[in-house]
Visitor: 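Let me begin by handing over the structure; questions about it come next.
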Amino acid sequence: MSAPESLTPSDRYDAIVVGTGIGGLTAAALLAYSGKKVLAVERHDRVGGYAHSFRRGAYTFDAAVHLIGGCDSGGLIDQLLTSLGVRDRCDFMPVNPCYRAEYPGLNLDAPTGTDEFTATYQAAFPHESRGIAAFLQDCHSIRKETRRLLANDRAATASGSLSGFSTLQRYRRSSVSDVLNGQVTDPKARTALTTLWPYVGLPPSQLSFLYWASMLMSYVDDGAYYCKGTFQVFANTLADVVRDAGGDVALRTSVRSIGTDADGVTGVVLEDGRTIRADVVVSNADAQQTISALIGTERFPATYCKGISRLKPSVSAIVAYIATDLPDSALVSAHETFHFEDWDHDNAYQATLCGEPNWYTLTVPTLIDPDLATDGSSLLVHTSLIPFDAAHNWHESKPQHEANIIADLEQRVAGFSSHIRHIDVGTPATMKRYTQNSDGALYGWELSPRQIGPGRPAVQSPIPGLFLAGHWTQPGGGIYGVVTSGIIAARAILGHDSESDLWQALQ
Ligand SMILES: Cc1cc2nc3c(=O)[nH]c(=O)nc-3n(C[C@H](O)[C@H](O)[C@H](O)COP(=O)(O)OP(=O)(O)OC[C@H]3O[C@@H](n4cnc5c(N)ncnc54)[C@H](O)[C@@H]3O)c2cc1C
């Protein structure tokens, strides 16, 4: 179903999923494949949320996502798609090096593979060899313990009880810098090791070590991957699982409210007033909107609403989608390049907060997937983090930002502007418009030590039958995080204590 016309008020589903970001789609696909009658409702004209793609003539661009982890054999996303019987529909292509780091006086290609990654940093900073190994070993332990925690123990995941998880326990309140500064002395080595911080939206001094280490190692230990044909293919695959199992995916359809009574959830009301009934609703929408706009804070315990009102959303981004007649190799040598003007990530973040980021990432997806441009062009995505309130009117500010982005590219390749075949710029207002994330937040709540895992609202809400999935709930943002949330939601609804119980039941 691509339009909601055939939905009638008499319709009753086992579960309704509000929003088809990857977190919502994961829950929807797992529930549908398990035999539940599922309706997924999406206000946009396609599924995927931030993982959607769009076409401009000969060019297909990912709106947001550049690469993901968990696609190697036995990894979380591989396991999800295999269990749903659709692994063959997504071709995840390894991205190696995982990233290229550019600093004044240093260019470093960071390979995937734990040993290779460690050796590369040790070769760049031989005097810090031991500290680098110790730091990355801690990251590795965090990753392993996090996977074990999230895969097995539903109660501990929600409550934050960490007995049996010694590394998580030790660093639960630590920022990346808290840990790194105790192990590595050279400030440049510290900076280079934390090149990936923009992926999680906070500089190392403010960023949760647990979340950062899990994210870093999902790429380093397991490999970084790009989805051939854009991440829209991944999103479409999950939506097809829902349809193939007899469920419905209603596009261009907004949920106006989620109904509740004394016993819990009763269904949803669509924008046009139709009521669709279900005893289970999974909200993939922004948590604050779910609570205040879709349901009403009066339906929740006051402490729950108060806790959420104290949380701080993550920053947004400004993204330029460019096609150029220059060859990929004239632009960069890696799928993903992080370019920093200086060696201080706190300065870079301050400049970001002032609306004048002095750093950027460049993604060249045609290096790995040339079919994204059917006329042989190179596609280039220039991304910087930026807060929504950095402009009063993004429509008016956009041309200046576009000029700044082109100036960045002119510095790399003289005369770049004469090689542009196409350029679009997405601002924080664009991010918000297409996903309804408040202020175009990239990763839900900010990923600071107090706002990850149990610091976020739990997947199971205080209202019976209401679940959250996506980057506004546990464990946190990014595709790996929201897939995890969708799995936790499906497990809770289906009554599976562990991830392996779920996979077994799907066989
Ligand atoms: C520029 C950028 C780059 C990124 N790069 C990466 C990356 O390389 N790797 C990575 O892992 N992560 C990346 N992320 C983060 C990642 O994209 C997000 O954390 C993740 O996609 C969020 O998924 P979600 O399930 O929370 O849903 P979202 O993507 O937030 O989607 C929510 C969906 O719900 C729908 N919706 C909302 N309200 C309603 C309603 N009332 N009725 C109907 N539908 C509704 C919206 O239309 C939307 O489709 C990036 C994010 C951005 C913005």
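Basis for what follows: all heavy atoms, side chains included, without hydrogens, waters or symmetry-related copies. Each ligand, and each atom within it, is numbered from 1 in the order the structure gives. The model shown is predicted, which means the values in this text are computed figures rather than measured ones.
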Visitor: For ligand 1, which atoms have a heavy atom of His66 less than 4.0 angstrom away?
Guide: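 Taking each heavy atom of His66 in turn, ligand 1 has 7 (C), 8 (O) under 4.0 Å.
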Visitor: Can you list the ligand 1 atoms lying under 4.0 Å from a non-hydrogen atom of Ala285?
Guide: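 Numbered from 1, ligand 1 contributes 37 (C), 38 (N).
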Visitor: May I ask you to check whether Gly478 has an N/O atom sitting below 3.5 Å from an N/O atom of ligand 1?
Guide: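 Yes - when backbone and side-chain N and O of Gly478 are compared with those of ligand 1, one distance drops under 3.5 Å.
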Visitor: Taking the basic N atoms (NZ, or NE/NH1/NH2) and the acidic carboxylate oxygens, is any pair closer than 4.0 Å for Asp109 and Arg100?
Guide: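 A salt bridge links Asp109 with Arg100.
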Visitor: Looking only at side-chain N and O atoms, does Trp394 offer a donor or acceptor that is under 3.5 Å from a partner on Thr430?
Guide: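 No, Trp394 and Thr430 have no side-chain donor paired with an acceptor closer than 3.5 Å.
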Visitor: Which heavy atom of the protein is the closest neighbour of atom 34 (O) of ligand 1, given with residue, atom name and distance?
Guide: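 Ranked first by proximity to atom 34 (O) of ligand 1 is Gly19 CA, 3.2 Å.
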Visitor: Can a donor-acceptor pair be found between the side chains of Thr260 and Arg299 at a distance below 3.5 Å?
Guide: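 Side chains of Thr260 and Arg299: pair found under 3.5 Å.
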Visitor: Any N or O on Val319 sitting closer than 3.5 Å to an N or O of ligand 1?
Guide: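 No, since none of the N or O atoms of Val319 sits under 3.5 Å from an N or O of ligand 1.
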Visitor: Geometry only, no angles: is Tyr480 polar-contacting ligand 1 at N/O separations under 3.5 Å?
Guide: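 N/O-N/O distance under 3.5 Å: no.
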Visitor: Report yes if some heavy atom in the side chain of Leu331 is under 4.5 Å from a heavy atom in the side chain of Leu380; otherwise report no.
Guide: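 When only atoms from C-beta onward are counted, Leu380 and Leu331 do touch, with a gap below 4.5 Å.
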Visitor: Name the closest protein heavy atom to atom 15 (C) of ligand 1, giving the residue it belongs to and the distance to 0.1 Å.
Guide: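 Of the protein heavy atoms, Leu442 O, 3.6 Å lies nearest.
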Visitor: Could you tell me whether Ile479 and ligand 1 have an N or O pair separated by under 3.5 Å?
Guide: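 There is such a contact, yes.
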Visitor: For the pair Thr194 (side chain) and Trp197 (backbone), establish whether a donor and an acceptor sit closer than 3.5 Å, ignoring hydrogens and angles.
Guide: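 No; zero donor-acceptor contacts below 3.5 Å.
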Visitor: Tell me the protein heavy atom at minimum distance from atom 29 (O) of ligand 1, and give that distance in Å.
Guide: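 Looking at atom 29 (O) of ligand 1, the protein heavy atom closest to it is Tyr50 N, 2.8 Å.
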Visitor: Would you say ligand 1 has an N or O under 3.5 Å from any N or O of Gln289?
Guide: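 No, no N or O pair falls under 3.5 Å.
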Visitor: Judged on heavy-atom distance to atom 27 (O) of ligand 1, which of Gly444, Gly21, Ser218 sits nearest?
Guide: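 That would be Gly21.
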Visitor: Quick check on Thr253 - does any of its heavy atoms sit under 4.0 Å from an atom of ligand 1?
Guide: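 Yes.
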Visitor: Below 4.0 angstrom, N of the basic side chain to O of the carboxylate: do Arg143 and Asp222 qualify?
Guide: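 Counted as a salt bridge, because a side-chain N and a carboxylate O are separated by less than 4.0 Å.
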Visitor: For atom 25 (O) of ligand 1, what is the nearest protein heavy atom, given as residue, atom name and distance?
Guide: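 It is Gly23 N, 2.8 Å.
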Visitor: Can you sort out which atoms of ligand 1 are near Asn437, meaning under 4.0 Å from one of its heavy atoms?
Guide: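 That gives atoms 30 (O) of ligand 1.
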Visitor: Is Asp221 salt-bridged to Lys144, going by a charged N under 4.0 Å from an acidic O?
Guide: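 Judged by the 4.0 Å cut-off on N to carboxylate O distance, Asp221 and Lys144 do not form a salt bridge.
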Visitor: Polar-atom distance check: Tyr199 versus ligand 1, any N or O pair below 3.5 Å?
Guide: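 Between Tyr199 and ligand 1, no N or O pair is found under 3.5 Å apart.
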Visitor: So, Arg256 and Asp272, do they make that salt bridge, N to O below 4.0 Å?
Guide: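 The answer is no: the pair does not qualify as a salt bridge.
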Visitor: With nothing but distance in play, are any N or O atoms of Ala63 less than 3.5 Å from an N or O of ligand 1?
Guide: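 The answer is no, given that Ala63 and ligand 1 share no N or O pair closer than 3.5 Å.
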Visitor: Just checking, is any N or O donor in the side chain of Ser438 or Asp286 under 3.5 Å from an acceptor N or O on the other one?
Guide: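 Yes - a donor-acceptor pair under 3.5 Å links their side chains.
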Visitor: Can you list the ligand 1 atoms lying under 4.0 Å from a non-hydrogen atom of Ile22?
Guide: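 Once the distances to Ile22 are compared, the set is 25 (O).
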Visitor: Is a donor on one side and an acceptor on the other found under 3.5 Å between the side chain of His66 and the backbone of Ala64?
Guide: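 Present.
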Visitor: Could you check atom 5 (N) of ligand 1 against the protein and tell me its nearest heavy-atom contact, residue, atom and distance included?
Guide: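 Result for atom 5 (N) of ligand 1: Ala64 O, 3.4 Å.
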Visitor: For ligand 1, which is the ligand I care about here, please tell me if Tyr443 has any N or O atom under 3.5 Å from one of the ligand's N or O atoms.
Guide: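 No; the residue has no nitrogen or oxygen that sits under 3.5 Å from a nitrogen or oxygen of the ligand.
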Visitor: Tell me whether Val255 has any N or O atom under 3.5 angstrom from an N or O of ligand 1.
Guide: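 Min N/O separation from ligand 1 is below 3.5 Å for Val255.
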Visitor: Whether the Tyr199 and Glu336 side chains hold a donor-acceptor pair (N or O, under 3.5 Å, no angle test) is what I'd like checked.
Guide: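 Tyr199 vs Glu336: donor-acceptor pair found between side chains.
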Visitor: For residues Tyr226 and Asp62, is any side-chain donor paired with an opposing acceptor at under 3.5 Å?
Guide: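 Checked: Tyr226/Asp62 side chains pair up, N/O donor to acceptor below 3.5 Å.
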Visitor: Between Thr366 and Asp328, do the side chains contain a donor N or O and an acceptor N or O under 3.5 Å apart?
Guide: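 Checked: Asp328/Thr366 side chains pair up, N/O donor to acceptor below 3.5 Å.
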Visitor: Among protein heavy atoms, which lies nearest atom 9 (N) of ligand 1, and at what distance?
Guide: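 Heavy-atom neighbour on the protein nearest atom 9 (N) of ligand 1: Leu67 O, 2.9 Å.
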Visitor: Any N or O of His44 that comes nearer than 3.5 Å to an N or O of ligand 1?
Guide: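 No; every N/O pair is 3.5 Å or more apart.
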Visitor: Under a 3.5 Å threshold, yes or no: a donor from one side chain and an acceptor from the other, between His52 and Gln232?
Guide: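 Absent: no donor and acceptor within the cut-off.
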Visitor: Report yes or no: does a heavy atom of Tyr434 sit under 4.0 Å from some atom of ligand 1?
Guide: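 The answer is yes, since Tyr434 has a heavy atom less than 4.0 Å from ligand 1.
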Visitor: Looking only at protein heavy atoms, which one is nearest to atom 32 (C) of ligand 1, and how far off is it?
Guide: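 Looking only at protein heavy atoms, the one closest to atom 32 (C) of ligand 1 is Asn284 OD1, 3.7 Å.
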Visitor: Within a reach of under 6.0 Å around OH of Tyr434, are more than 12 heavy atoms found that belong to other residues, nucleotides or ligands?
Guide: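 Count not over threshold, so no.
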Visitor: What's the shortest distance from atom 6 (C) of ligand 1 to any protein heavy atom, and which residue and atom give it?
Guide: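 So the nearest neighbour among protein heavy atoms is Val65 CA, 3.8 Å.
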